[in-house]
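Notes follow once the structure below has been shown.
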Amino acid sequence: MKRIHLFAVAFVLLSLPYPLISYGTMDGNTALWWAGFVLLVVGGLLPPIAKFTIPEQAS
Amino acid sequence: MTGSGLPLDAIHWSLAIIPLVLLLVVLVGLRWKAHEAASVGMFAALLIGVFVFRSPMETISVASAKGIWDAVFVLYVVWPALLFYHVIDRADGFTVLREGIQRFTDNELFLVLGFGWVFVSFMQSISGFGAPIVVAAPLLLALGVKPVYAVAIPLIGHAWANTFGTLGVAWLALEQVVEMQNVAMTAFSLGILLWIPNLLAGLTIAWIYGRWAAVKYALPLIAIVSLIQGGGQLTFTLWDPTMANFLAASLGLAALYPLSQWGRYASETGSITSRPAMSEGITKPDTAAADGGTTRNRMTLGLAIMPFVVLAAIAFLTSILTPIGTALESLETGLAFPAVETDYGVTTESAAPYDPFAPLTHPGTFLLGSTIVAYVVYRYKGYYESDSKTSEPGMVTALSVSAIPASVAIIAFLVMAKLMDHTGQTLVLAMGTAEVASPTSYGFLSPLIGVLGSFMTSSNTASNILFGGLQQETALGLGGLSEPLVLAGQSTGGAIGNAISPANVILGTSAIGIVGKEGDVLRAVIPWVSAVAATVGIAILALNGIMLAGGV
């Protein structure tokens, strides 16, 4: 996998929590906003992971 | 936001600053790329928010989601701006632009100052959100400025125009959040303090270009332009602060033509031998062997300038014609969030919706509109049929490769900022500084708080909203400090802090394809911001003595 593909996945994962957390917290749906939070954490972890696992030239 | 139960001690202050320090260490010290470094700051703010500032997970989640939404405002400039760049570049517009401008003058330093200081300030006067950086950086690159400096120069050059630029949006925000004792005096004080970054920007850009020989050579030009821009803005604040920057920046831009006809700057100078900012000399217009001898369908200078004129016209019309702006602003969108709090009593009110986004009056739409016009005209004229760029990746691929990593970084930066805000870390940093300060040291430090606000939020407006009230309360509480001057210090700090805000830096590096060089750009700009903040602090102390003696 190229770095840019991983960043694209991170971009999507970092964007999705916005509606999930808004609807989850406004409607009292704890599972929904927790899901949003987990996506944010995973999305945030991908760029540093890419730095140490995917060689620069692969991007 | 309130937070009366926050612990104001050295330990909490030191822990609250860790996300910012870590970010600077990995970004500037270790030279990680922005999209790799941003997560480090984000997770540091998250963990400190939970374990030190006792924030429930719902508060953390709401803050994170709001940070994602804040990023939309910046990303809607990044993507259209990159498209704007590629549409012009693929049609060879920047080459034509560079060659055309040289017909007025081939004086490199004049052109670097013209684009990196005067033009970028004009763009800031009508359009914000970093759009001036993404427009000016490619132009400087086309002139032969080294990539890192092509980003650093407009960051420095546009800073002074932030508070009263974009028709005074940051000034209006300050006026809205603070009940000023003397509005006219605050605006005038701001005009004085903002003249400092204006003048120092011109001098610094000349120094970057060719060290002291260039400063000496460009001094008359810098003095005249600064008198028009900084002095003009100061004068116009007496009439209408919201128009002050636009009028002064427009006059500055208009002055370039007569200045280019001045014998001193009409042609290249031989007095500057060392040009560390330049990667190459400017290609002379007549030596048009750039096409390898093939016949190419080259556009005219008018067509090369056209996208910039369309951009400026759209931004100007929607700003000036209130009925149009009001109608366009009526379309807005955003999601709601509940009130949240921390165990220390830091509460954030509910928002329904939170910070609604009005796309039709956003600079991203102006950029998109001018990009579409440029693409249609260039396509119709056949400028994309040239064979010189066929070996390069497609426009969409090129756009994605730059914009996706930049977008990841911008989201993570703004999530970090919102986490620090909602968990009380930002408040502890500002209140802790105010707590230990004396009137003299606080007067000196007040611009630094403004810098902190815009560094974190990439916005002079947001910095003023975040810290305007605190600065006023502290000035009044300490006594012996002029409230207008401290508020002016806050907003001036907010203006110059924009030059080092990671989001703005990423906008520039993305625009010219040097994503990952953000640390190098910051290394070039941070010393300038530090020096200007210190100079503004000293000016505040000097003016404070004068104003208090005069009973203002």
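Throughout, a chain's letter reflects where its sequence line sits, starting with A, and its residues are numbered from 1.
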Checklist entry - Using 30° and 60° as the class limits, which term best fits the ring planes of B:H35 and A:F7: parallel, tilted or perpendicular? => result perpendicular
Next on the checklist: Quick one, A:L45 and B:F43 - any side-chain contact, counting heavy atoms below 4.5 Å?
Outcome noted: yes
Next on the checklist: Just so I know, are the side chains of A:P17 and B:I68 near enough to count as touching, which here means a heavy-atom distance under 4.5 Å?
Outcome noted: yes
Item to check | Heavy-atom proximity to chain A below 4.5 Å, by part of B:I411 | outcome: side chain
Next on the checklist: Between B:E341 and B:R54 (salt bridge meaning N to carboxylate O under 4.0 Å), is one present in this structure?
Outcome noted: no
Checklist outcome for this item: Expected contact set for residues 33-42 of chain A against chain B at heavy-atom separation under 4.5 Å reads A:W33, A:W34, A:F37, A:L40, A:V41
Next on the checklist: Please identify, among B:V62, B:V72, B:V40, the residue contributing the most non-hydrogen atom pairs under 4.5 Å to chain A.
Outcome noted: B:V62
Next on the checklist: Quick check on B:S400 against chain A: is it the side chain, the backbone, both or neither that has a heavy atom closer than 4.5 Å?
Outcome noted: backbone
Next on the checklist: I need the single residue from B:D89, B:V148, B:V151, B:V134 that forms a side-chain contact (heavy atoms from CB on, under 4.5 Å) with B:I512. Which is it?
Outcome noted: B:V151
Item to check | B:I60, B:V52, B:V50 screened by side-chain contact (heavy atoms from CB on, under 4.5 Å) with B:T423, the one that passes | outcome: B:I60
Next on the checklist: So which atom in B:E349 and which in B:K66 form the shortest heavy-atom distance, rounded to 0.1 Å?
Outcome noted: O-NZ, 4.2 Å
